[in-house]
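This report refers to the structure that appears directly beneath it.
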Number of protein chains: 2
Amino acid sequence: MSRKITMKDVAKAAGVAPMTVSRAFKSDAVVNADTRARVMKAAEELGYVFDSAASNLRSRKSGFVAAIIPSLNNANFADTIGAMSRVLEQHGLQILLGYTGYSVDEEQRLIEQLLRRSPEAIVLTGGHHTERARELLANATVPIIETWDLPDKPVQHVVGFSNTTAMKGLVDHLISRGFTKIAFLGGDAAGDHRGQARLAGFLEALGRHGLDASRLISAGPAPVAMREGALAMQSLLARFPDTEAAVCVSDLSAFGALTECQRRGLRVPEDIAIAGFGAYDISAFAHPTITTIDAFPTEIGRKTGQLIVKLLRSDEVPVDPQIEEIFPQLVVRQSAP
Amino acid sequence: MSRKITMKDVAKAAGVAPMTVSRAFKSDAVVNADTRARVMKAAEELGYVFDSAASNLRSRKSGFVAAIIPSLNNANFADTIGAMSRVLEQHGLQILLGYTGYSVDEEQRLIEQLLRRSPEAIVLTGGHHTERARELLANATVPIIETWDLPDKPVQHVVGFSNTTAMKGLVDHLISRGFTKIAFLGGDAAGDHRGQARLAGFLEALGRHGLDASRLISAGPAPVAMREGALAMQSLLARFPDTEAAVCVSDLSAFGALTECQRRGLRVPEDIAIAGFGAYDISAFAHPTITTIDAFPTEIGRKTGQLIVKLLRSDEVPVDPQIEEIFPQLVVRQSAP
DNA sequence: TTGAAAGCGCTAACAA
DNA sequence: TTGTTAGCGCTTTCAA
């Protein structure tokens, strides 16, 4: 195997200095058009591949944005990452992804690991972190953005929404439609803090209207998906057979709950109404369609990307923490009209 | 803002040479336990963060594995990436993810971009690439693994399965159960080559049994998801109302097709049977449950990760191209019993 | 617009 | 087991 081809080789072939090659490869640098063409031709012929590691080291810019999400396998988070990515790649930034499996300890480990790559910004999901993670983030001198939540004590910037308020809105809707025996199907307290915030909104809405808030079914640790939704519905029907409406922590669990009802011959919404959260595709295509809340994951991603670009541009000037609130929308469909 | 803390600072604080700090941070290096403890303590107190970029440059190891998938928002690919990631992180390797949006041109662009980060291995989805992409890959001196397919002309290593054979098995099953008027709902030829391979398997099975193979509905470019499945079923019922079974390119489109039938009061499978591909969660929870093929995405990911680790270990010794075939399993459920 | 010199922070290679 | 020296490939900085 031959020696690696470097800028020096390209420079020699093109009859210029390495520095000129460097400039030719930087799109916004000042280079004579002919010179650049000559350099690019030489590079192409030699099969030169630009070495980011060396560039990073010298310029102290990694071109990475670290993004940490609970799970890869979740359409909502995938949408956010996709939208963010589309904005960032316009500016030469690449996403370095990590997923926590809904564990703050794993999140801390990921932060430690990702920091070694010198990300230019760090995007987190939610506002719950270990003490050490908060320390690490405080010492990092790059923008930190928390998303998918509206934390009480933000680390720095936020692009998110209140899961509590959003869920409260949905439950208020159910109450306004005359439902009084309403249950919540969700996960346990560990891990999914967004789920807990939704539960808080549920309890708040019921409390305001003086309704019984004891119909709470826990499906165990996150992720709470179809299987867990189906099992939770089984528990619910066993323990509280007279329930009129079941509010689920996500559309996936709502769908699981819905199919469990269908297996038992229960009609939705006539026998029991069901609502979800997240406006996943399935909520629009299930039969019946599922009432849900659209938190606009794509908008979260796009705005997060734009915020990062803005913050990196404003360079050394410290910018006050930005709080961008997203306003989720109630989507009333057949399962809970 | 103060100067960045480097190994030199840690070395001074711990009273050792920078090289000793370097060794202390490398888990498999030979360092006295006391020395290491002292170094780590100093590092912790100073808030030292290891700089991967510098390490990469000098050691010529990036710690990255590039992985390119068609879409982030797809449970099958997410499962593969997740499983691969679990194996690789055990060996200090991090995944650098790119998604093509089902475009080979975008794949080429991604390969160019990812190569700059000096990945230690490159994982691709499928066996269709642009000419230039093949060149780039041929010049890269790292292991290349194609997955989710069994390419005719593999670039190098493969961990995958035959989409054609798998689909043929499913259609053979339908034929053996007496279905003769069978349709295929998929995407168009551009982009999703795995979809095209499945169509080929469909045609092959029908051809072998001398059955009419004209019931082909194209739902347009990938991704073919729930919406496209529903629209395709509309077309199908309009054009070929006497169809007995609809085979869909994926479970998501199968679900869309199923719900379209339900909206129209058609019974599945009595009036029309439906089958999918991929063993997504939804196939097990839909009502009726959906007959599908499990391609074991997790196994693909795990084996790909293991292969990479093995290849990187065997260092300079060139290893013959490895072809690891996965054998998908037919999962017979209610929608096409 | 282009070039020369220096050095980013780490580790390979060698020495002790 | 630990230390010294040099240099990975690029870009900053300054000069022409």
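Bear in mind the structure is a predicted one, so any value in this text is a computation, not a measurement.
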* Asked: Counting only side-chain N and O atoms of T35(A), is one of them less than 4.0 Å from OP1 or OP2 of dT2(C)?
  -> yes
What side-chain donor-acceptor pairs closer than 3.5 Å can you find for residues 108-122 of chain B, not counting sequence neighbours?
from	atom 1	to	atom 2	distance (Å)
Q108(B)	OE1	T130(B)	OG1	2.8
R109(B)	NE	E106(B)	OE1	3.2
R109(B)	NE	E106(B)	OE2	3.3
R109(B)	NH2	E106(B)	OE2	2.9
E112(B)	OE2	R132(B)	NE	2.8
E112(B)	OE2	R132(B)	NH2	3.1
Q113(B)	NE2	Q94(A)	OE1	3.4
R117(B)	NE	Q94(A)	OE1	3.0
R117(B)	NH1	N56(A)	OD1	3.3
R117(B)	NH1	S62(A)	O	2.8
R117(B)	NH2	S62(A)	O	2.8
R117(B)	NH2	Q94(A)	OE1	3.4
E120(B)	OE2	S62(B)	N	3.3
E120(B)	OE2	G63(B)	N	2.6

| Take atom CG in D28(A); do more than 12 heavy atoms of anything else shown fall under 6.0 Å from it? |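 Count over threshold, so yes.
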Legend entry - First of V30(B) and T6(A) reached from the 5' end of DNA chain D, by closest nucleotide: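 Its nearest nucleotide lies further toward 5', so the answer is V30(B).
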Comparing nearest nucleotides in DNA chain D, the 5'-proximal residue of the pair L57(B), A33(B) is A33(B)
Taken in chain and number order and not counting sequence neighbours, the residues that satisfy side-chain hydrogen bond (donor to acceptor under 3.5 Å, both in side chains) with K8(B) are none
Applying side chain to side chain contact (heavy atoms under 4.5 Å, CB included), can you list everything that pairs with [X], at least two apart in sequence or on another chain?
X       : value
T80(B)  : W148(B), P297(B), I300(B)
E299(B) : F296(B), R302(B), K303(B), I326(B)
E45(B)  : K41(B)

Atom [atom1] of [X] and atom [atom2] of [N]: how far apart are they, to the nearest Å?
X       : N       : atom1 : atom2 : value
K12(A)  : dG3(C)  : NZ    : P     : 15 Å
K61(B)  : dC8(D)  : NZ    : P     : 18 Å
D9(A)   : dC8(D)  : CG    : C1'   : 14 Å
D51(A)  : dG7(D)  : CG    : P     : 18 Å
K8(B)   : dG3(D)  : NZ    : C1'   : 15 Å
R116(A) : dT11(C) : CZ    : C1'   : 14 Å
N32(B)  : dG3(D)  : CG    : C1'   : 15 Å

Report task. Indicate whether the side chain of E107(A) and that of H128(A) have a donor and an acceptor atom separated by less than 3.5 Å. Result -> no
Practice problem: Using a 4.0 Å heavy-atom cut-off across all strands, classify Y48(B) as base, sugar-phosphate, or nothing. | Solution: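 Sugar-phosphate only.
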Given protein heavy atoms under 4.0 Å, the one-letter contact record of nucleotides 11-16 of chain D, with B base, S sugar-phosphate only and - none, is simply BBB---
